[in-house]
Amino acid sequence: DKYGELKDRFNEPLSYQEWADRLDAYYVLNADKITIMPGAKDFLDRADQNGLALGAVTNAQRSEGAASLARMGREGDLFAFMVAVEDVPRPKPAPDSYLLGTEKLGINPKDIVVIEDSPVGVAAAKAAGMTCIQIQHDPSLINDNADLIVPRLDDPRVAAFLEFKPEPGNTPRRPGQ
């Protein structure tokens with residue numbers, strides 16, 4: 001429980017909501033410092049080129065999620081919707097946010113592949129009946145229930161798992177051509 005840890009560490013009598021509001025304000029004020037996951041923009045472009053529907057599901061507040069998507073630039077516009085923590089009664093690891101996402105997409109959960117970095121996100125996706133790829137380089141944050149675990153989003157196993165068409169210019173040539 002991060003809230004409990006921080007409350008003890010700073011010895012400040014803040015409610016959970018006051019703490020969340022302060023964190024949210026800090027995040028939004030420092031949005032220009034958000035680091036985009038390596039390979040994320042290229043992945044989103046390829047997902048779009050391959051006809052995948054995209055939605056963002058976050059355990060963050062809506063303003064934090066919007067700041068992250070804005071940081072993506074043009075690729076952030078590829079998301080059809082965002083489900084934020086305030087949209088559901090229970091946050092991840094409960095499946096509520098992903099199930100709301102399936103309603104918004106109109107797709108059966110078993111036909112959805114989730115890209116996650118957090119262990120609670122993997123738990124939520126799996127509880128919702130979805131396939132999940134975890135992007136995580138820190139062994140202590142790996143959830144072994146993920147269907148594929150890779151250290152980076154640009155790992156070629158992700159594109160292979162999703163059966164992406166080869167990128168233009170990277171199509172293998174047959175001998176003699």
Side-chain angles (χ1 to χ4, degrees), residues 1-3 15-17 19-21 23-25 27-28 31 34-37 39-136 141-150 152-155 157-165:
D1 175 23
K2 289 289 180 198
Y3 167 66
S15 70
Y16 178 81
Q17 191 57 52
W19 174 79
D21 290 345
L23 182 63
D24 180 55
Y27 192 89
V28 172
I34 296 170
T35 303
I36 297 169
M37 182 183 287
K41 288 185 174 192
D42 289 339
F43 172 82
L44 291 170
D45 284 336
R46 288 196 67 198
D48 183 54
Q49 291 164 3
N50 279 270
L52 298 182
L54 299 172
V57 175
T58 179
N59 244 9
Q61 293 188 49
R62 178 164 306 285
S63 56
E64 294 173 48
S68 292
L69 290 181
R71 202 63 183 120
M72 297 291 296
R74 181 186 65 76
E75 287 80 5
D77 295 336
L78 297 175
F79 290 91
F81 64 86
M82 177 176 47
V83 174
V85 71
E86 60 263 39
D87 296 328
V88 293
R90 300 177 303 160
K92 300 173 189 178
D96 303 26
S97 54
Y98 280 119
L99 293 174
L100 180 56
T102 64
E103 289 176 29
K104 290 180 177 284
L105 285 173
I107 299 174
N108 189 309
K110 69 176 183 57
D111 296 325
I112 293 177
V113 178
V114 171
I115 306 293
E116 256 299 345
D117 62 342
S118 73
V120 295
V122 172
K126 297 308 290 179
M130 300 174 180
T131 300
C132 187
I133 300 172
Q134 186 180 23
I135 311 300
Q136 188 52 256
L141 296 175
I142 288 176
N143 182 328
D144 291 325
N145 293 313
D147 298 281
L148 175 66
I149 301 166
V150 293
R152 295 173 51 107
L153 191 53
D154 55 4
D155 186 300
R157 293 173 289 177
V158 175
F161 189 89
L162 295 171
E163 299 178 353
F164 279 173
K165 292 176 256 178

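With sequence neighbours excluded, no residue forms a salt bridge (Lys or Arg N to Asp or Glu O under 4.0 Å) with Asp77. For Ala70, the side-chain contact (heavy atoms from CB on, under 4.5 Å) criterion is met by no residue, not counting sequence neighbours. Residues passing the side-chain contact (heavy atoms from CB on, under 4.5 Å) test with Val114 are Tyr98, Ile112, Glu116, Ala125, Met130, Cys132, sequence neighbours excluded. Taking Lys41 as the reference, nothing meets the side chain to side chain donor-acceptor pair (under 3.5 Å) condition, with sequence neighbours excluded. For Ala40, the side-chain contact (heavy atoms from CB on, under 4.5 Å) partners two or more places apart in sequence, or in a different chain, are Ile36, Met37, Met72, Leu153. The ring-ring contact (aromatic ring centres under 6.0 Å, His included) search around Phe81 returns none, not counting sequence neighbours.
Within the 4.5 Å cutoff, the side chain of Glu86 has heavy atoms near those of the Arg62 side chain. Residues Ile142 and Val122 have side chains not in contact (no heavy-atom distance under 4.5 Å, counting atoms from C-beta outward). Counting only heavy atoms from C-beta outward, the side chains of Lys126 and Asp147 approach each other to under 4.5 Å. Looking only at side-chain heavy atoms (C-beta outward), Arg74 and Asp45 come within less than 4.5 Å of each other. Side chains of Phe161 and Val150 form no contact here, defined as non-hydrogen atoms less than 4.5 Å apart.
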Open item on the list: For Thr131 and Leu148: C-alpha separation, side-chain torsions, deciding distance, then whether side-chain contact (heavy atoms from CB on, under 4.5 Å) applies.
Closed with: CA-CA 9 Å; Thr131 300; Leu148 175 66; over 6 Å; no
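Between Ala84 and Ala60, the closest heavy-atom pair is CB-O, 3.6 Å. Nearest approach of Gly121 to Ser118, heavy atoms of both residues: N-OG, 2.9 Å. Heavy atoms only, all atoms of each residue included: Gln49 and Lys165 are closest at O-NZ, 3.9 Å. Closest heavy-atom contact between Asn143 and Ile149: O-CD1, 3.6 Å.
One N or O on the side chain of Gln134 and one on the backbone of Leu141 form a donor-acceptor pair closer than 3.5 Å. At least one donor-acceptor pair closer than 3.5 Å links the side chain of Asn59 to the backbone N or O of Lys92. Of the possible donor and acceptor atoms, none in the side chain of Asn50 sits under 3.5 Å from a partner among the backbone N and O of Leu52.
Between the CG atom in Leu100 and the CG atom in Leu105 there is a gap of 10.0 Å [rounded to 0.5 Å]. Note that CG of Asp87 and CD of Gln61 are 11.0 Å apart. Values are rounded to the nearest 0.5 Å. Rounded to the nearest 0.5 angstrom, Arg152 CZ and Ile135 CD1 are separated by 10.5 Å.
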